[in-house]
Amino acid sequence: MRATIILFLIMPILAASAASSLTDEQLLQIKFDQKPGSQVSSALTFRDENGKQVRLGDYFSKRPVILMLGYYGCPMLCTLTLNGATESLRDLKWSAGQQFDVVFVSIDPAETPALAAAKKKTYLRDYGRAGSADGWHFLTGNALSIKTLADEIGFHYAYDPALKEFAHPSGFVVLAPDGRVVHYFFGVTFSPDEVDKALRDASREKIDSPVQELILLCCEYSPFRGRYSGAVMDIVRAGGIGTVFALGLYFVRPGNRRFRSSK
């Protein structure tokens with residue numbers, strides 16, 4: 001039900017009119033494979049929002065890390081995911097820069113630290129907690145480092161040369177302080193309680209079980225074709241029928257009870 005609600009909320013926003021040069025087979029490969037326990041390479045190098053070269057391992061060993069992949073020029077999905085994550089993090093007792101870090105890595109090797117700096121400024125303002133600047137990191141890098149990192153966490157994406165945009169899944173991973181993948185989150189909205197639990201598990205280096213695939217499936221769509229896959233639409237239809245049936249039971253049964261009690 002939760003996944004169906006997400007679909008209905010974001011469906012009007014995700015309509016796109018342009019045609020993609022990617023085939024349906026290529027789009028089917030754009031997904032988030034779950035690899036709990038996978039080790040992220042600490043030696044991978046990127047540039048931070050100030051243009052300084054950093055190693056991904058610079059953000060390991062101290063505290064858990066929320067790792068998110070996307071790109072700064074994304075027309076909609078990355079913004080939805082970042083907004084959803086930020087909204088969830090605002091509800092936590094833990095704070096970025098104290099008990100955990102947030103690391104966003106651009107999948108577009110052409111993007112610059114200046115774009116990363118602008119994005120950091122926006123989300124620090126949205127997060128709204130003083131002293132959290134050291135906990136938010138927006139990185140850019142070369143194609144090899146990006147691809148290696150994406151493969152290590154199971155993040156599959158593709159560049160569409162016709163639209164000059166990336167097709168990619170939505171969500172993020174939580175890493176333990178040593179850089180191992182602990183938990184996956186899919187979609188564009190995230191339960192603060194679940195995020196809190198994942199961060200606390202990560203701080204204890206506890207590897208969670210894979211997340212239900214239904215949520216991943218329901219958040220996969222073609223941002224270029226302006227429609228969802230047949231499988232997703234089947235789930236939406238089933239969810240809609242289930243909702244109508246549940247509402248019918250809700251209204252009919254109490255009504256019957258009230259009718260009997262009035263006799």
State, without any angle test, whether [X] and [Y] hold a side-chain donor-acceptor pair at a distance under 3.5 Å.
| X | Y | answer |
| --- | --- | --- |
| His137 | Asp48 | no |
| Tyr123 | Asn83 | yes |
| Ser95 | Arg129 | yes |

Practice task
Flag the pair Asp201 and Lys197 as a salt bridge only when some basic side-chain nitrogen lies within less than 4.0 angstrom of an acidic carboxylate oxygen.
Solution key: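 Result for this pair is yes, salt bridge flagged.
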Problem - Electrostatic pair Glu152:Lys35 at N-O distance under 4.0 angstrom - result: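 A salt bridge is absent here (no side-chain N lies under 4.0 Å from a carboxylate O).
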Problem - Whichever hydrophobic residues join Ile207 through chains of side-chain contacts under 4.5 Å - result: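 Ile207 clusters with Val182.
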Problem - Worked check of side chain to side chain contact (heavy atoms under 4.5 Å, CB included) between Val40 and Leu56 - result: CA-CA 9 Å; Val40 172; Leu56 205 56; 3.4 Å; yes
Exercise for the section: Check each of Leu27, Thr23, Leu22 against Glu25 using the side-chain contact (heavy atoms from CB on, under 4.5 Å) test, and report the only one that passes. Expected result: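 Passing option: Thr23.
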Practice task
For the pair Phe190 and Phe185, name the ring-plane relationship: parallel under 30°, tilted 30 to 60°, perpendicular over 60°.
Solution key: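 Phe190 and Phe185: perpendicular rings.
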Practice task
Return the set of residues passing side chain to side chain donor-acceptor pair (under 3.5 Å) with Asp126 (not counting sequence neighbours), or none when no residue passes.
Solution key: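 Partners of Asp126 under the side chain to side chain donor-acceptor pair (under 3.5 Å) test: none.
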Exercise for the section: Quick one: list whatever passes side chain to side chain donor-acceptor pair (under 3.5 Å) with Arg63, sequence neighbours left out. Expected result: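 Arg63 satisfies side chain to side chain donor-acceptor pair (under 3.5 Å) with Asp101 only.
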Donor-acceptor pair, [X] side chain versus [Y] backbone, under 3.5 Å?
| X | Y | value |
| --- | --- | --- |
| Ser145 | Gly141 | no |
| Ser191 | Glu194 | yes |
| Tyr127 | Ala133 | no |

Problem - Pair Lys164-Asp160, salt bridge (charged side-chain N to carboxylate O under 4.0 Å, His left out): steps then yes or no - result: CA-CA 6 Å; Lys164 297 181 180 180; Asp160 189 320; over 6 Å; no
Practice task
Given side chain to side chain contact (heavy atoms under 4.5 Å, CB included), test Val195 with Leu89 step by step and report yes or no.
Solution key: CA-CA 8 Å; Val195 173; Leu89 296 180; 4.0 Å; yes
Handout entry: Residue of the set Lys121, Lys120, Lys119 for which salt bridge (Lys or Arg N to Asp or Glu O under 4.0 Å) holds with Glu49
Key =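 Passing option: Lys120.
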Practice task
Starting from the C-alpha separation in whole Å, work towards a yes-or-no answer on side chain to side chain contact (heavy atoms under 4.5 Å, CB included) for Leu67 and Phe104.
Solution key: CA-CA 6 Å; Leu67 175 64; Phe104 186 100; over 6 Å; no
Handout entry: More than 12 heavy atoms from other groups under 6.0 Å of CD on Glu87
Key =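 Open.
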